[in-house]
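See below for the structure under consideration.
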Amino acid sequence: GQQLNQSPQSMFIQEGEDVSMNCTSSSIFNTWLWYKQDPGEGPVLLIALYKAGELTSNGRLTAQFGITRKDSFLNISASIPSDVGIYFCAGREIIQGAQKLVFGQGTRLTINP
Amino acid sequence: GAVVSQHPSRVICKSGTSVKIECRSLDFQATTMFWYRQFPKQSLMLMATSNEGSKATYEQGVEKDKFLINHASLTLSTLTVTSAHPEDSSFYICSASRQGNNSPLHFGNGTRLTVT
């Protein structure tokens, strides 16, 4: 099925560093979502973006919905050990009244203390 | 707190048996729920859309007779993996959203299925 292009695929950083990841798509989405998944668990919603150009923060996390509606980025400032995990972007489309999520490949974040 | 509950979290079964996984929306009614499958170190792939009171909609390549979906109430959808084989071993995750197109999807904690 359709996928978003998410990069980078993995990141190895030092604690305290800032992190940036992004997703691009050839299709327009009306909503962009960012999730974090810990091992053996389901994804947890971090930020939801509903309008092109929207910039939204959730604590140390900031995400933006690109003006073209084909991209989004997620920034994490001053990383801490609990930020370790896999981050997924997701674009939501409404098809015949039903919503579907298309996921990026994920960004695996590893933090060295 | 969690808004979508999934059970069991882990199950081990023998080849040829069937396994049922439950997905519940905890404090809202969900006319639509979604079932995903995730292989190790890969992204989530949508298997099917579960519709309350009607047949599920399956994605291309997903066998509907293999993965039976029942959405009998507004808070419960079940996925039954029938005649399981080792290649069905995977992480299965359900999701649901509150009513309204702007409500984001929330996910259950997933079920790790191992078929021996």
Side-chain angles (χ1 to χ4, degrees), chain A residues 1-10 21 23 25 29-52 54 56 58 63 65 72 74 85-110, chain B residues 1-10 21 23 30-52 54-62 71 90-114:
Chain A
Q2 181 185 2
Q3 273 200 322
L4 304 177
N5 294 316
Q6 184 172 348
S7 65
Q9 291 187 11
S10 60
M21 59 192 79
C23 275
S25 169
F29 289 103
N30 291 319
T31 302
W32 281 86
L33 304 157
W34 284 92
Y35 291 88
K36 177 175 183 272
Q37 186 178 28
D38 291 326
E41 298 184 12
V44 174
L45 180 68
L46 299 174
I47 293 180
L49 302 160
Y50 300 105
K51 295 181 182 178
E54 179 181 351
T56 297
N58 178 8
F65 191 156
S72 177
L74 174 71
I86 304 176
Y87 293 80
F88 290 101
C89 63
R92 184 168 67 184
E93 50 188 2
I94 306 295
I95 300 176
Q96 295 180 338
Q99 65 167 320
K100 285 190 174 183
L101 281 189
V102 179
F103 281 87
Q105 301 95 326
T107 296
R108 184 180 297 271
L109 179 62
T110 303
Chain B
V3 297
V4 176
S5 173
Q6 192 171 336
H7 179 81
S9 57
R10 289 179 177 272
I21 304 169
C23 181
T31 55
T32 305
M33 292 184 178
F34 303 89
W35 288 96
Y36 290 82
R37 183 173 181 175
Q38 186 178 32
F39 290 105
K41 297 187 178 181
Q42 293 192 22
S43 189
L44 288 79
M45 298 301 294
L46 180 64
M47 297 175 64
T49 302
S50 173
N51 305 298
E52 189 269 336
S54 65
K55 292 182 180 180
T57 306
Y58 289 83
E59 295 299 302
Q60 192 173 5
V62 178
H71 195 151
S90 190
F91 194 53
Y92 294 88
I93 314 174
C94 72
S95 70
S97 69
R98 302 175 191 274
Q99 302 266 358
N101 285 340
N102 267 354
S103 297
L105 277 179
H106 294 277
F107 288 83
N109 261 342
T111 297
R112 171 73 60 193
L113 171 63
T114 304

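Here is the naming used below: chain letters follow the sequence lines, and residue numbers restart at 1 for every chain. Just so it is clear, the model here is predicted, and its values are computed rather than measured.
- In this structure, OG on B/Ser43 lies 4.5 Å from CZ on A/Phe88, to the nearest 0.5 angstrom.
- For A/Gln37, the part lying under 4.5 angstrom from a heavy atom of chain B is the side chain only.
- Between B/Cys94 and B/Val4 the shortest side-chain heavy-atom distance falls below 4.5 Å.
- Shortest non-hydrogen contact noted between A/Gly85 and A/Asp38 is CA-OD1, 4.3 Å.
- Only the side chain of B/Gln38 comes within contact range of chain A, with heavy atoms under 4.5 Å apart.
- Classified by interplanar angle (parallel below 30°, tilted 30° to 60°, perpendicular above 60°), the ring pair B/Tyr36/B/Phe34 is tilted.
- Rounding to the nearest 0.5 Å places CG of A/Leu33 at 9.5 Å from CZ of A/Phe65.
- Contact count versus chain B (heavy atoms, under 4.5 Å) is highest, among A/Ala48, A/Ala90, A/Gly104, A/Gly106, for A/Gly104.
- Counting heavy atoms from C-beta on, the side chains of A/Phe29 and A/Val102 come closer than 4.5 Å.
- Of the atoms belonging to B/Leu44, heavy atoms from both backbone and side chain fall under 4.5 Å from chain A.
- Only the side chain of B/Glu59 comes within less than 4.5 Å of a heavy atom of chain A; its backbone N, CA, C and O stay farther away.
- Looking at A/Gln105, only its backbone comes within 4.5 Å of chain B, counting heavy atoms on both sides.
- If you measure heavy-atom distances from A/Leu101 to chain B, the contacts under 4.5 Å come from both the backbone and the side chain.
- At a 4.5 Å heavy-atom cutoff, the contact between B/Ile93 and chain A is made by side-chain atoms alone.
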